[in-house]
Amino acid sequence: MEEKILPIALRNAIKYNGKANPKAVLGIFLSENPEYRSKAKEVMPIVEKVVEEVNKLSLDEIKKKLEELGEDVKKKEKKEKGLELPNVKDKVVMRFAPNPSGPLHIGHARAAVLNDYFVKKYGGKLILRLEDTDPKRVLPEAYDMIKEDLDWLGVKVDEVVIQSDRIELYYEYGRKLIEMGHAYVCDCNPEEFRELRNKGVPCKCRDRAIEDNLELWEKMLNGELENVAVRLKTDIKHKNPSIRDFPIFRVEKTPHPRTGDKYCVYPLMNFSVPVDDHLLGMTHVLRGKDHIVNTEKQAYIYKYFGWEMPEFIHYGILKIEDIVLSTSSMYKGIKEGLYSGWDDVRLGTLRALRRRGIKPEAIYEIMKRIGIKQADVKFSWENLYAINKELIDKDARRFFFVWNPKKLIIEGAEKKVLKLRMHPDRPEFGERELIFDGEVYVVGDELEENKMYRLMELFNIVVEKVDDIALAKYHSDDFKIARKNKAKIIHWIPVKDSVKVKVLMPDGEIKEGFAEKDFAKVEVDDIIQFERFGFVRIDKKDNDGFVCCYAHR
RNA sequence: GCUCCGGUGGUGUAGUCCGGCCAAUCAUGCGGGCCUUUCGAGCCCGCGACCCGGGUUCAAAUCCCGGCCGGAGCACCA
């Protein structure tokens, strides 16, 4: 027994810098030798004895001893389990099903990315299903914006289905439910019905004859009725009152952006969704856990038609702070002129993030990392920015940008021409030129009188006066002097030939200032780093200068 | 109120199903250091978690019971 314990103790000691732990050693031993589990109390003293002997050895002696025993020093590594779906037989059919009320936002990206990821992982088909059965909440231009957003994000859609194209199909299946006696037309006031429902009491409509329900159904479709709905017969005593006889169709006469006033009866999601999920062959359905009860409701549809249910995966709510996500708020703000458009950098739409210089790969990656667990998740902008930085840093040229600029005149210094690398790690990017001629811009609130500063890549100065224009005197060249004097290192640009720049910040602020002259060579859509400021994407370039959108630090 | 889902470093996570390999992984954040001077990137060191109580067990982040906290649904929206 000691012979079996010894190598375990030696390995444990190696892992923990020469000190093995008896409990851990016992655990590993029992895991590998289940027959001793019932004798744990007897084994422990033996383990302790072996561990005590091992802990007397030096780390080198421990390694030597282990090698003498012919044991591999290295510990096996555990494979990391990736994202997986349950019960995948062959391929999968999945769907991303937004309501076309606006372009996609960061919250939508989770469902879009995860569906796409699994379809790519297992093979199969991804269907984009636009759920527009509420005419009041459809924005016509959203149909195309959503497709554009998915393209940009790298989500590959195999088929597009629009629910407003399928209204008559829903009518057909609705009629079948009535014919089977599983649905009925109800003309009760919704509040009246709710009171009855909460008491577990059926309403007066529930037991109407099938023939009468069918007659009323035709009248609904012909527009002859208002204030009626079709209800599914479930269980009027179900312990969850919201599952009792919920509605599956209703009258809505608002003209639809795509179908006009052709229809006045629309299905509700707890009907159209299971019908479509079945007919379109879903194998797996990802949805937020706010829809768990809806899955229970939809189970009745599957049962009544005798359909097999797909695999449902419910994931926790993704909470996203510090940004505007509400489609109705965004729409209202755009209409009122508060926002410039759906890509205003203050908004959480994908096109706003794109405008800021966030890469689709970064969004894809973070949504994979968030995954499908049922715990609620708080979105980490920091993590998104860290992933994005990995993607953009190697290609991002560096420039100086002076926001809130103050002119600084420096006496006692000679003219100087500097050549700096565009990128610290990429010499092939070439160089940029800064010409010192006595006058520079620095960030306005960085200067204090009688203090030494280090102008980056230039020299040390002492500031004498800070007014509308600041005055300084050349002190020395040596960087070590700056360090010795704990001088702050600040960036600067020559006043001459500087370029006007505005940066739009996600919090709405606009930082204005100047960049160095070689900055003028950048093109729209370039992503660059302003040193000591952060990464930005070039948004606009004209006679008035440049407009950039701030990504992150 | 009814019905449900959840809780692992400051943030995001892996691990829980099948108890030991967990002295709990990885990322991010923060502090310090190294590396051509900022911002970064890279490397090194450090800080910081299994919501609480009880039980089962030789052994619990993991299984059981209770509590607390967070979230969701109860729309003729999705």
Side-chain angles (χ1 to χ4, degrees), chain A residues 8 11-12 15-16 19-21 23-32 34 36-44 75-76 78 80-82 97-99 101 131-134 136-137 186 188-190 193-194 197-198 227-231 238-244 246-252 266 268-270 272-273 287-294 296-297 314-317 319 366 369-371 373-387 389-390 393-394 396 398 400 423-425 454 456-457 479-480 482-483 488-491 529-535 553:
Chain A
I8 296 172
R11 269 199 292 273
N12 193 249
K15 185 172 178 182
Y16 294 98
K19 295 292 179 196
N21 178 305
K23 281 179 75 178
V25 171
L26 177 67
I28 298 165
F29 174 74
L30 292 180
S31 177
E32 292 173 1
Y36 286 100
R37 283 179 186 174
S38 59
K39 297 172 183 170
K41 282 179 182 171
E42 300 164 32
V43 176
M44 193 53 161
K75 173 182 176 294
K76 287 180 185 176
K78 210 176 193 178
E80 193 175 306
K81 196 163 125 189
N99 166 18
S101 57
E131 302 194 338
D132 60 348
T133 54
D134 181 0
K136 295 196 294 289
R137 293 182 66 246
C186 176
C188 294
N189 180 288
F193 182 84
R194 189 179 309 119
R197 180 200 70 182
N198 287 344
N227 301 322
V228 296
V230 176
R231 290 185 185 282
H238 195 285
K239 64 181 177 174
N240 185 346
S242 71
I243 290 180
R244 299 169 184 166
F246 57 88
I248 56 173
F249 285 92
R250 88 289 199 189
V251 174
E252 175 58 68
Y266 291 91
L268 289 141
M269 71 157 285
N270 282 319
S272 52
V273 165
R287 59 184 12 168
K289 69 176 190 182
D290 51 332
H291 287 289
I292 289 180
V293 173
N294 289 332
E296 280 190 67
K297 289 176 177 175
H314 300 102
Y315 51 65
I317 302 304
K319 187 175 185 187
I366 199 168
R369 290 186 195 183
I370 288 172
K373 74 181 275 187
Q374 278 202 313
D376 291 348
V377 174
K378 184 177 169 191
F379 186 75
S380 173
W381 289 105
E382 284 176 353
N383 284 356
L384 174 65
Y385 297 156
I387 299 168
K389 255 192 274 188
E390 259 186 66
D393 177 65
K394 62 188 185 299
R398 268 70 164 148
F400 287 158
H423 193 297
D425 304 330
R454 172 78 183 179
M456 281 171 64
E457 311 288 355
F479 173 69
K480 287 181 181 132
R483 194 173 254 181
K488 192 176 181 183
I489 306 166
I490 61 175
H491 67 293
Q529 190 204 53
F530 284 137
E531 296 192 66
R532 297 183 73 233
F533 180 80
F535 292 89
R553 283 192 57 160

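Chain letters run A, B, ... following the sequence lines, proteins first and then strands; every chain starts at 1. The figures that follow rest on heavy atoms only: side chains count, while hydrogens, waters and symmetry mates do not.
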Grab the [atom1]-[atom2] distance between [X] and [N] for me, whole Å please.
X         : N       : atom1 : atom2 : result
Asn294(A) : rC5(B)  : CG    : P     : 15 Å
Lys289(A) : rC74(B) : NZ    : P     : 15 Å
Lys373(A) : rU25(B) : NZ    : C1'   : 14 Å
Asn99(A)  : rC77(B) : CG    : C1'   : 8 Å
Asp376(A) : rC69(B) : CG    : C1'   : 12 Å
Arg244(A) : rG73(B) : CZ    : P     : 19 Å
Lys319(A) : rG70(B) : NZ    : C1'   : 9 Å
Leu384(A) : rG29(B) : CG    : C1'   : 15 Å

Can you find a donor-acceptor pair, distance only, under 3.5 Å between [X] side chain and [N] base?
X         : N       : value
Glu382(A) : rU11(B) : no
Gln374(A) : rC5(B)  : no
Arg369(A) : rU13(B) : no

So what's [N] paired with, Watson-Crick or G-U wobble, going by both distances under 3.5 Å?
N       : result
rC63(B) : rG55(B)
rC43(B) : rG33(B)
rU38(B) : none
rC68(B) : rG7(B)
rC2(B)  : rG73(B)
rA78(B) : none
rC17(B) : none
rG48(B) : none

Start at the 5' end of RNA chain B and walk down; is the nucleotide closest to Lys378(A) or to Pro424(A) reached first?
Lys378(A)
Start at the 5' end of RNA chain B and walk down; is the nucleotide closest to Pro98(A) or to Val293(A) reached first?
Val293(A)
Take atom [atom1] in [N] and the same atom in [M], then report the distance between them in whole Å.
N       : M       : atom1 : answer
rC65(B) : rA49(B) : C1'   : 25 Å
rU8(B)  : rC52(B) : P     : 11 Å
rC17(B) : rC64(B) : P     : 9 Å
rU56(B) : rG9(B)  : C1'   : 29 Å
rU62(B) : rG15(B) : C1'   : 9 Å
rG31(B) : rU38(B) : P     : 15 Å
rU13(B) : rA27(B) : C1'   : 7 Å
rC4(B)  : rG40(B) : P     : 49 Å

Closest nucleotide among [options] to the [X] side chain:
X         : options                   : answer
His291(A) : rA78(B), rG7(B), rC39(B)  : rA78(B)
Arg194(A) : rA14(B), rA75(B), rG71(B) : rA75(B)
Lys239(A) : rG29(B), rG6(B), rC4(B)   : rC4(B)
Glu131(A) : rA78(B), rU38(B), rA23(B) : rA78(B)
Asn383(A) : rU3(B), rA27(B), rU37(B)  : rA27(B)
Ile489(A) : rA78(B), rU38(B), rA72(B) : rU38(B)
Ile292(A) : rC4(B), rG12(B), rG71(B)  : rC4(B)

Treating [X] as the side-chain partner and [Y] as the backbone partner, does any N or O pair qualify as donor plus acceptor under 3.5 Å?
X         : Y         : result
Asp376(A) : Ile317(A) : yes
Arg398(A) : Ala396(A) : yes
Arg244(A) : His238(A) : yes
His423(A) : Asp393(A) : yes

Return the [atom1] to [atom2] distance between [X] and [Y], rounded to the nearest 0.5 Å.
X         : Y         : atom1 : atom2 : result
Phe379(A) : Ile370(A) : CZ    : CD1   : 5.5 Å
Glu252(A) : Thr133(A) : CD    : OG1   : 10.5 Å
His291(A) : Asn270(A) : NE2   : CG    : 9.0 Å

Report yes if the side chains of Arg369(A) and Ile387(A) come closer than 4.5 Å at any heavy-atom pair, otherwise no.
yes
Does Phe535(A) reach the side chain of Lys389(A), with side-chain heavy atoms less than 4.5 Å apart?
yes
Looking for any heavy atom pair under 4.0 Å, which part of the strands does [X] touch: base, sugar-phosphate only, or nothing?
X         : answer
Val230(A) : nothing
Met44(A)  : nothing
Gln529(A) : base
Asn12(A)  : base
Asp134(A) : sugar-phosphate
Pro241(A) : sugar-phosphate
Arg454(A) : base

Give every pair of a protein N or O atom and an N or O atom of nucleotides 57-62 of chain B that lie under 3.5 Å apart, one pair per line with the distance.
none

Side-chain N or O of Lys389(A) less than 4.0 angstrom from OP1 or OP2 on rU28(B)?
no
Between Ser101(A) and rA78(B), is there a side-chain N or O to OP1/OP2 distance below 4.0 Å?
no
Do the charged groups of Arg137(A) and Asp132(A) touch, with an N to O distance under 4.0 Å?
no
Using the six-membered ring of Phe29(A), assess whether NZ or CZ of Arg37(A) lies under 6.0 Å from its centre and within 45 degrees of the ring axis.
no
Quick check: are there more than 12 heavy atoms from other residues, nucleotides or ligands sitting under 6.0 Å from NZ of Lys319(A)?
no
